[in-house]
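Everything on this sheet refers to the single structure shown next.
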Amino acid sequence: MPESDVEQVPRFPFEQPGALAPPAEWAELRAGCPVARVALASGDEAALITRYADVKTVLSDRRFTRPTPADDAARVADTESGGVFNSEMATVIPQHGAAHLNWRRMIGKWFTAKRMNALRPGIAAMAEQLVGEMVAKGGPADLKAGLAFPLPVWVICDMLGVPDADRDRFAHWSDVMLSMTRYTQAEFDAAQADFGRYMGAHIAAKRTEPGEDLLSALITDTDADGEHWSDALLTATGIGLLIAGHETTANMIAKMVAMLLADRTRWEELLADPSLVRTAVEETLRLDANAGVGMSRYLTEDFEVAGTVLPRGTTAMCSMAAANRDESAFEAAAEMDLRRSPNPHLAFGAGAHACLGQPLARTELQVALEVLVRMLPSLELAVPAAELRRIEGLAVGGLRELPVRW
């Protein structure tokens, strides 16, 4: 496609008026152009889907899955390979059919409600410790550095049997691998190789001395076909869980607290009725305007969406965040209602590729909020909400820091 033609197609993700505010384009597209041509960071074109029913339909259709390097799909990142979704790791973890379901079942056993309830007291104790340390140092403080980042890192490291002390290395590797515009292909390749070597050595050690953790179980268990997983699959799975298990939740804890403090009547509503924590968590997930790029699907055959036939080979970019503000799916969709129930938002996706770790993410978000409401009732933003700064150039959205006082 000529460069001049690409320039006429809007760039996605869109510019946002603030760290917590949605871009105006979401509402405009839902109303007038629910399937829109956009250019990703790579310059490649995708079809952006913004309505709730359409996003749910595309994500739930088992024929379509995440793009793999074998597909001629639009690249999310501006590097040659196109980023983490087109990486070696993505080719190792099965993305289709029975093999994908088999992989999910093996992992899913570690994210049941029963296991989450068992983890809850330990997560609460760690959250209390982190808040206590933050208070002891005195305010104002960065709640992201003090609580939002270390809590989910500690949890996922504990689940994987990986040393929490290496969390800064994980954070760097994750940022590079989730980059859309911030790192070069060489930096991406180096981070992927370093992370792979680290996880490979960790798995080798677990083979010698297994523990009570998820990776040790995956090493010793057999799948539905009676097969043991290869080292390559174990390594890719460990890396994927470590990235997904801390990056998104760490960012969401900070965004959740920022959204609740931006209008302090919300925080006061929680103080008056702490039983609202669960529905408040769901509502902040729904209203997250800074959720990242969304989920892409590679269409392996012609597919009609909102009256538009998308040809085979199209990359559909599903914006769950835009869909979650669809007035046809949610009454007063732009308003935050801490009592909203039911709340069938799409923050964790839908269908066969919906987020495996959502029970853990929900548990961590609920516990973090419960502990903050109890321990820091006077919590408030230390800067105006309009001055909060977004993370730029990553596939996941977040705040650079969250300055608070109490």
For this session: May I ask you to test the Leu402-Leu261 pair for a side-chain heavy-atom distance under 4.5 Å?
Result: no

For this session: Locate the shortest heavy-atom distance separating Asp44 from Ala73; write the atom from each residue and the value.
Result: OD2-O, 4.2 Å

For this session: For the pair Gln366 (side chain) and Val277 (backbone), establish whether a donor and an acceptor sit closer than 3.5 Å, ignoring hydrogens and angles.
Result: no

Exercise. Angle class for the Trp229/Trp103 ring planes (parallel below 30°, perpendicular above 60°, tilted otherwise)?
Worked result: parallel

Exercise. Judged by atom type as modelled, is there a donor-acceptor pair below 3.5 Å linking the side chain of Arg75 to the main-chain atoms of Ala41?
Worked result: no

Cut-off 3.5 Å, no hydrogens considered: what does the side-chain donor-acceptor table look like for residues 158-170, sequence neighbours left out?
{"unit_1": "Asp164", "atom_1": "OD2", "unit_2": "Arg167", "atom_2": "NH1", "d": "3.4"}
{"unit_1": "Asp166", "atom_1": "OD2", "unit_2": "Tyr198", "atom_2": "OH", "d": "2.5"}

Exercise. What's the verdict on salt bridge (charged side-chain N to carboxylate O under 4.0 Å, His left out) for Glu268 and Arg266, showing C-alpha distance, side-chain angles and the deciding distance?
Worked result: CA-CA 5 Å; Glu268 286 157 10; Arg266 299 165 181 167; over 6 Å; no

Exercise. Do you know the tightest heavy-atom contact between Ala127 and Val367?
Worked result: CB-CG1, 4.3 Å

Exercise. Taking side chain as C-beta onward, heavy atoms only, is Glu327 less than 4.5 Å from Arg30?
Worked result: no

Exercise. Are the side chains of His100 and His353 in touch, meaning some heavy atoms are under 4.5 Å apart?
Worked result: yes

Exercise. Are Phe64 and Tyr298 close enough that their ring centers fall under 6.0 Å?
Worked result: no

For this session: In sequence, state the C-alpha distance, the side-chain angles, and the governing distance for Arg405 and Glu380, and then conclude on salt bridge (charged side-chain N to carboxylate O under 4.0 Å, His left out).
Result: CA-CA 6 Å; Arg405 57 185 173 228; Glu380 62 182 11; 2.8 Å; yes

Exercise. Are Asp326 and Ser328 linked by a side-chain donor-acceptor pair shorter than 3.5 Å?
Worked result: yes

For this session: Examine the side chains of Asp54 and Thr57 and answer whether a donor and an acceptor come within less than 3.5 Å of each other.
Result: no

